Amino acid sequence: MGMTMSQKILAAHAGLDNVQPGQLIMANLDMVLGNDITTPVAINEFEKHDFDKVFHKDKISIVLDHFTPNKDIKAATQSKQCRCFAKHQEITNFYDVGQMGVEHSLLPEKGIVTCGDLVIGADSHTCTYGALGAFSTGVGSTDMAAGMATGRAWFKVPSAIKFNITGKLNKDISGKDVILHIISKIGVDGALYRSMEFVGDGIKNLSMDDRFCIANMAIEAGAKNGIFPVDEQTLAYVEGRGQRTPTIFEADADAIYDEVYDIDLSTIEHTVAFPHLPENGKTPSEWGDIAIDQVYIGSCTNGRYSDMEAAATILKGRHIAEGIRCIVIPATQQIYKDCIKNGLVDIFIDAGCIFSTPTCGPCLGGHMGILAEGERCVGTSNRNFVGRMGHPKSEVYLASPQVAAASAIAGKLATPESVKGE
Amino acid sequence: MIAKGTVHKYGDNVDTDVIIPARHLNTQDEKELASHCMEDIDADFIHKVKAGDIMVGEANFGCGSSREHAPIAIKASGISCVIASSFARIFYRNSINIGLAIIECPEAAKEIKDGDIVNVDFDKGIIVNESQNKEYTFPPFPEFIQKIISSNGYLNAIKEGKFND
Ligand code: SF4
């Protein structure tokens, strides 16, 4: 029986010729990731069980991104614990304030993950690296501890859903609209336990940033991983960044899929997920009049340079509506520098936005933009659960950077087309 | 390995916030976590649960965040095993990793009722509902999952050299 792309990567890392859906395997890891919230729990477990050395100092990444620069004493204590552990274990990929960025943007940017890798991370959005043709998935802290100690993890081999992508996106429509469209089609548990494998002619029309954004939100459909085939764009992206050589895996022609969906990119409209589930996607004719208080442009979903550029293009020479706070946070130091170099920061500040150092901050209601009771935010992040960005009675609308920027100008949920020429 | 006890039955989509509400995540103490287990949907649970009892849910059990506190709270409350029609992925692996036995068996999950006395033979892969006189089978855990559960957790099993091959 043929294998899917995900199954092939798992088989190769388990030293097996073939794996079947449902099979439990032990596999070798290329990278083990943790952040300032999940790593301390993993360190406690690691130490409680008397492991003294990590399996490989170059194959562990610890990124202090959630509550940093530290928002309070508890957060500072957690960061300190990570810092001491990383120093003691001589972990090379340790990213503290000054070098860090939002982990799922940082790892691909630095070439810490590459095509064909098997990656686990104690963070549910670890699935982002599927954009590179890697198998990467979120786990708990015990798995991170075991991964750091042994370099291995166990997996239940997933079956897959195939998304056959054709066509080309229209202007100002992005990967975010594609994934919100897909999640509203299949639901928040539509891909439970399974891989989402994206294939087809239309993939070449999706930029790497679009692919990162789509793979990032696979978890929001309950998926174990989301994965893209490796093409010229992928290889161009990893070239010169990689600490390791990329390996290309392809699904077998006779691979079995549970379901197949056809997605024509040219039919996708601006899609916004209304509170309080990512599956509540609505297109402009269904939006109605949604007055807002805050706009947040950033996160591991949409904090990359092209996202910053898309927002800046709409905000250029304009000013955000009175009474709106617009918080723009590039995902990494490199993106931050590029925004300065190319004049984007001037555009944001002149438009009345703030532009901050990289952090997860507002995405998880951590700091830097918490919502009060009854407030509404249009955010480019990935979750709009009850209380995600602050008060349990606040609301988050998930959108693309284009829609977020347009909404900041309009003071309400708006399309980029509707604010042009205003 | 055998588990036998009284069933505590719940429905679909039992999420990790219901299993252990976020307001109690400021501790990692197992006993304290257990004392709040299920409190938002079943305030009585913690008073009636006895060591060895079995929890049964239906679809998508353990959905929501990746917090390990959820299976820790269930295990520390005395529950010996959880049976459901399906489990959310990260909950499933977190449970195995901390040594909480977990079985996917849609038929059993549907038919077992609250208060039934159920007996699970993990080696043979058989669930016996003594109250209803019904029997269900499930594929036994592969050897390495059995190793984890019998060592009371993944890290213990590694320490005991069970994965040295
Ligand atoms: S940006 Fe948000 S979703 Fe992404 S890693 Fe940070 S907290 Fe998680």
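Quick caveat, the model's predicted, so the values are computed rather than measured. Every chain is numbered from 1 and lettered A, B, ... according to where its sequence line falls, protein lines coming before strand lines.
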So with a 6.0 Å cut-off around [atom1] of [X], is the heavy-atom count from everything else above 12?
X        : atom1 : result
B:Lys48  : NZ    : yes
A:Lys53  : NZ    : yes
B:Glu130 : CD    : yes
B:Asp44  : CG    : yes
A:Asp72  : CG    : yes

Under a 4.0 Å threshold between the charged nitrogen and the carboxylate oxygen, would A:Asp50 count as salt-bridged to B:Lys159? no
Of all of [options], which one pairs up most often with chain B through heavy atoms under 4.5 Å apart?
options                      : answer
A:Ala145, A:Ala122, A:Ser141 : A:Ser141
A:Gly222, A:Gly387, A:Gly138 : A:Gly138
A:Val139, A:Asp123, A:Asp143 : A:Asp143

B:Arg93-A:Thr142 side chain donor-acceptor pair, cut-off 3.5 Å: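 No, A:Thr142 and B:Arg93 have no side-chain donor paired with an acceptor closer than 3.5 Å.
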Donor-acceptor pair between B:Tyr154 and A:Glu45 side chains, under 3.5 angstrom: no
Residue pair [X] / [Y], side-chain heavy-atom distance below 4.5 Å:
X        : Y        : result
B:Phe87  : A:Leu192 : no
B:Ile158 : A:Thr150 : yes
A:Lys48  : B:Leu155 : no

If I take atom [atom1] from residue [X] and atom [atom2] from residue [Y], how far apart are they, to the nearest 0.5 angstrom?
X        : Y        : atom1 : atom2 : value
B:Phe163 : A:Arg152 : CZ    : CZ    : 8.0 Å
A:Ser124 : B:Arg89  : OG    : CZ    : 9.0 Å
A:Lys224 : B:Ile90  : NZ    : CD1   : 10.0 Å
B:Glu104 : A:Tyr193 : CD    : OH    : 3.5 Å

Side chain, backbone, both or neither: which part of B:Asn94 has a heavy atom under 4.5 Å from chain A?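 For B:Asn94, the contact with chain A is made by the side chain alone.
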Give, as side chain, backbone, both or neither, the part of A:Ile37 having an atom under 4.5 angstrom from any heavy atom of chain B. neither
Could you look at A:Ala149 and say if it's the side chain, the backbone, both or neither that has a heavy atom under 4.5 Å from chain B?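 When you check distances to chain B, no heavy atom of A:Ala149 falls under 4.5 Å.
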Yes or no on side chain to side chain contact (heavy atoms under 4.5 Å, CB included) for B:Phe141 and A:Leu24, after CA distance, side-chain angles and deciding distance? CA-CA 9 Å; B:Phe141 287 122; A:Leu24 285 145; 5.7 Å; no
